[in-house]
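Report on the following structure.
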Amino acid sequence: MIEFRQLSKSFGTNHVLKGIDLTIRDGEITYVIGTSGTGKSVLVKHIVGLLYPDSGRIVIDGNDVTDYSESRWREVRSNYVLVFQHSTLFDSMTLRQNVALPLRKHKGLSRRDSFERAMDFLRTVGMDEKADRMPSDVGPPERKRVAIARALTLEPDCAILDEPTTGLDVVASGNVDQMIDHLGRELNKTVIVVSHDLRSIFGVADRIIFLYNGLVRLDGPPEAFRSSDDPVVQQFIRGEPTGPMET
Ligand SMILES: Nc1ncnc2c1ncn2[C@@H]1O[C@H](COP(=O)(O)OP(=O)(O)O)[C@@H](O)[C@H]1O
Ligand SMILES: [Mg+2]
């Protein structure tokens with residue numbers, strides 16, 4: 001369980017998070033949504049110690065991790081998998097080699113076993129048929145899917161995916177959505193997805209956290225989000241721009 005208590009973060013005069021209170025429960029698929037630039041990435045970076053808050057606390061599984069040192073954060077991070085917007089692959093390795101590498105390095109599999117297991121992970125993201133291509137032979141959306149497959153080999157308790165479907169076409173997005181669903185429902189992982197894409201959310205999310213103007217504007221299941229009579233929420237659902245100073 002991950003808890004934020006009155007978390008605030010500014011960059012100079014840019015007050016990005018203004019006192020965030022929220023709890024992310026184990027085994028749920030939580031979507032963090034909001035328009036571009038609202039602080040979604042900043043928020044999730046606090047969960048893994050890539051950013052430190054100006055004030056407020058972060059509590060993970062009952063431990064206050066707010067003031068953890070870098071080495072203790074590394075320990076925390078080993079339970080997580082993170083796929084950021086611009087995750088990159090090794091250019092000089094095939095897609096399969098990219099996915100097999102952590103299986104050999106961190107899971108101690110033999111070369112042959114790692115190659116076999118890598119195919120299972122590539123299948124999950126629909127990339128098994130291109131396993132022996134080089135990263136430069138496939139498009140950016142496909143590279144992103146392989147980056148996700150590679151991250152999943154570490155079998156984390158919690159996966160954080162920052163904008164996993166941005167730039168993907170409908171079919172590829174559908175594959176990623178299925179994968180998120182599989183992670184949460186079958187493998188019972190905690191999954192946190194950052195997104196500004198509403199297309200997939202309603203089918204997949206257990207819970208939606210809507211960030212707006214530095215605060216949590218709505219926190220609840222998809223039904224609560226859809227039926228909300230908050231005009232800001234309605235505007236977001238309709239895809240209309242929401243003014244930053246509106247309350
Ligand atoms: N390391 C940083 N230094 C300064 N400003 C930052 C940094 N990271 C993010 N910001 C600013 O914080 C705001 C929120 O950014 P971000 O969390 O990336 O938005 P998004 O919701 O699109 O993920 C933006 O105004 C961005 O410019
Ligand atoms: Mg972002």
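One-based numbering, in listed order, for ligands and for the atoms of each. Treat the numbers as computed from the prediction; the structure is a model and nothing was measured. Residues: numbered from 1 along the sequence shown.
Other residues, nucleotides and ligands contribute at most 12 non-hydrogen atoms within 6.0 Å of the CZ atom of Arg72.
By the criterion of a heavy-atom distance under 4.0 Å, the side chain of Val16, and not its backbone, is placed next to ligand 1. Contacts between Asn14 and ligand 1 below 4.0 angstrom, taking non-hydrogen atoms only, involve the side chain exclusively.
Here's the thing with Phe11: none of its N/O atoms is less than 3.5 angstrom from an N/O atom of ligand 1. Looking at ligand 1, you won't find any N or O of Leu51 less than 3.5 Å from one of its N or O atoms.
Distances shorter than 4.0 angstrom occur between a heavy atom of Gly39 and an atom of ligand 1.
With respect to the salt-bridge test (charged N to carboxylate O, under 4.0 angstrom), the residues Asp137 and Arg143 do not qualify.
Backbone or side-chain N, O or S atoms of Ser36 do not reach the Mg ion (ligand 2) at under 2.8 Å.
Here atom 21 (O) of ligand 1 lies nearest to Lys40 when heavy atoms of Lys40, His15, Lys45 are compared.
Classified by interplanar angle (parallel below 30°, tilted 30° to 60°, perpendicular above 60°), the ring pair Phe236/Phe210 is tilted.
Other members of the cluster containing Met134 do not exist, because no ILVMFWY side chain is joined to it at under 4.5 Å.
Counting only residues at least two apart or in different chains, salt bridge (Lys or Arg N to Asp or Glu O under 4.0 Å) contacts with residues 220-236 comprise Arg217-Asp230.
Here the closest non-hydrogen pair linking Asp54 and Ser10 is OD2-N, 2.7 Å.
For ligand 1, the atoms lying closer than 4.0 Å to a non-hydrogen atom of Ser36 are 22 (O).
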